[in-house]
Amino acid sequence: MNNVELFLKKARQSCSGVKHLVVVSPHDVATLLAVDHARKELNIEATLIGEESKIIAAAEQAGVCLMPFKVVIAASDVAAAESAVQLIAAGKGHVLMKGLIDTSILLKALLAKELGLRGERLLSHVALLLPPKEQRYYLLTDAGMNISPSLEAKQQIIENAVQMSHALGNTNPNVALLCAKEKAYDKMPATIDAVELQARNRSGVITGCTVSGPLQLDLALSAKAAAMKDCQDPVAGRVDIFVAPTIEVGNVFGKALKYMANYVYAGVILGAKIPVVVVSRADSEQEKLLSIAMACVCVSSPRDVAKQAERQLEVTS
């Protein structure tokens with residue numbers, strides 16, 4: 001069993017019940033193949049919203065039968081996005097997925113105040129990295145949403161990634177705050193932020209994980225490098241989640257692993273009340289399937305259920 005199959009198995013084990021996927025502008029072969037594969041592998045139902053002729057043409061090219069899906073016709077990408085988020089706001093969808101539509105159009109519809117789908121935290125991208133030779137996974141954040149996050153934004157970015165890790169069964173992931181030095185240095189603001197974020201973790205402000213930083217990439221990944229540099233950090237050589245200081249670092253790091261080291265790369269946006277699958281048109285069917293799996297796992301994750309129970313207790317007590 002390869003790493004992709006192992007992750008899909010983990011996703012199946014972590015999901016409970018049927019998840020409903022709402023796909024906006026599914027006008028390409030890879031998206032339809034991924035959704036059809038997810039229907040079979042992950043126990044999902046799906047609503048496809050977009051232009052009729054484009055959906056039919058893509059389905060014929062992909063060899064995908066549309067009978068198992070509900071198809072809603074929309075005259076444009078904007079109309080499709082608005083219809084999709086209205087369905088989700090009405091409780092008729094668990095996961096929102098991007099097809100061939102600009103991300104900005106999709107997110108503008110999602111974040112419309114009147115729909116109430118904006119969550120308590122900042123929206124951030126959480127990427128899945130599957131190594132070609134190790135039977136494990138890493139998470140990377142934020143490589144796709146926040147350009148140069150502030151200290152407070154970084155805390156929420158960590159919390160979103162920890163939610164994903166908890167949903168996958170890791171109750172205390174190791175979080176590495178990537179920097180170019182392993183010590184605070186006033187000319188490198190990321191190192192100052194890293195020291196503060198680690199302190200917040202140790203004081204109980206950031207919970208459910210072990211946060212360390214500043215950490216260089218070699219120290220986060222390699223126990224041997226940590227030993228050679230006499231680094232006693234608890235996360236050194238045992239990282240589960242990489243936190244990039246800026247979008248450039250995260251984006252280059254993730255794509256370098258994908259295109260130069262043959263890692264499988266998938267991702268989801270968290271922070272709204274529902275997870276959002278935002279994929280590139282260059283992503284393969286396999287990567288889109290894994291992104292759907294990540295999102296489905298995050299629906300009613302144990303951490304969220306616990307928070308809902310706490311809020312209900314506060315209301316009734």
Side-chain angles (χ1 to χ4, degrees), residues 4 8 18-112 114-115 117 123 125 127-128 144-145 255 258 264-269 272 274-296 298-299:
V4 170
L8 289 173
V18 178
K19 302 295 185 292
H20 197 102
L21 182 67
V22 181
V23 191
V24 184
S25 301
H27 301 152
D28 64 297
V29 169
T31 295
L32 286 175
L33 285 173
V35 173
D36 193 47
H37 197 168
R39 177 181 64 84
K40 301 168 184 175
E41 286 274 346
L42 301 170
N43 195 25
I44 71 156
E45 296 175 347
T47 297
L48 312 178
I49 306 181
E51 297 179 44
E52 183 176 22
S53 60
K54 292 182 180 179
I55 293 174
I56 291 172
E60 289 177 349
Q61 188 177 352
V64 170
C65 176
L66 294 174
M67 288 295 291
F69 306 112
K70 180 179 180 181
V71 179
V72 176
I73 306 306
S76 66
D77 286 343
V78 171
E82 291 174 350
S83 295
V85 296
Q86 287 166 5
L87 273 180
I88 289 173
K92 298 179 181 179
H94 298 108
V95 175
L96 182 65
M97 181 176 180
K98 170 190 169 184
L100 283 185
I101 178 175
D102 288 343
T103 302
S104 59
I105 295 174
L106 186 65
L107 294 182
K108 181 180 179 181
L110 173 69
L111 297 176
E114 63 271 19
L115 294 176
L117 294 176
L123 264 64
H125 186 267
L128 172 73
M145 280 289 295
K255 288 185 177 178
K258 175 179 176 178
V264 175
Y265 184 97
V268 65
I269 290 177
I274 47 93
V276 185
V277 178
V278 174
V279 290
S280 166
R281 57 181 72 189
D283 288 342
S284 67
E285 180 262 334
Q286 175 179 260
E287 289 164 330
K288 294 183 181 186
L289 171 63
L290 288 167
S291 299
I292 294 169
M294 291 176 71
C296 289
C298 275
V299 174

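We use all heavy atoms of the structure for the numbers below, so side chains are in, but hydrogens, waters and symmetry mates are not. Everything numeric in this text was worked out from a predicted model, so none of it was measured.
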Practice item. Taking the side chain as every heavy atom from C-beta outward, state whether Ile274 and His94 have any atom pair closer than 4.5 Å. Key: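 With C-beta onward as the side chain, the pair stays apart.
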Can you list every salt bridge (Lys or Arg N to Asp or Glu O under 4.0 Å) pair that touches [range], not counting sequence neighbours?
range	result
residues 31-43	Arg12-Glu41, Asp36-Arg39, Asp36-Lys40
residues 98-112	none
residues 44-64	Glu51-Lys54

Point-to-point distance, once rounded to the nearest 0.5 Å, from [atom1] of [X] to [atom2] of [Y]:
X	Y	atom1	atom2	result
His20	Leu96	NE2	CG	11.5 Å
Phe69	Ile44	CZ	CD1	7.0 Å
Ile269	Met294	CD1	CE	11.0 Å
Asp28	Ile101	CG	CD1	12.0 Å
Ser25	Leu48	OG	CG	10.5 Å
Leu21	Met97	CG	CE	6.5 Å

Closest heavy-atom pair and its distance - [X], [Y]:
X	Y	result
Ala62	Leu33	O-CD2, 3.7 Å
Ala38	Ile292	CB-CG2, 3.9 Å
Lys288	Ala34	CB-CB, 3.6 Å
His27	Ile55	CD2-CG1, 3.8 Å
Val85	Ala109	CG2-O, 3.6 Å
Leu128	Leu290	CD2-CB, 4.4 Å

Point to revise | From CA spacing to verdict: side-chain contact (heavy atoms from CB on, under 4.5 Å), Leu289, Leu42 | key: CA-CA 9 Å; Leu289 171 63; Leu42 301 170; 4.2 Å; yes
Point to revise | Step-by-step side-chain contact (heavy atoms from CB on, under 4.5 Å) determination, Val72 to Thr47 | key: CA-CA 7 Å; Val72 176; Thr47 297; 3.8 Å; yes
Exercise for review: Let me see the working for Ile49 and Leu87 under side-chain contact (heavy atoms from CB on, under 4.5 Å), right down to the final yes or no.
Suggested key: CA-CA 11 Å; Ile49 306 181; Leu87 273 180; 3.8 Å; yes
Exercise for review: Just do the side-chain contact (heavy atoms from CB on, under 4.5 Å) check on Asn43 and Lys19 with the steps written out, would you?
Suggested key: CA-CA 7 Å; Asn43 195 25; Lys19 302 295 185 292; over 6 Å; no
**Study point:** Check: Ser291 side chain, Gly267 main-chain N or O, donor-acceptor pair, under 3.5 Å
**Key:**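 Answer holds: yes.
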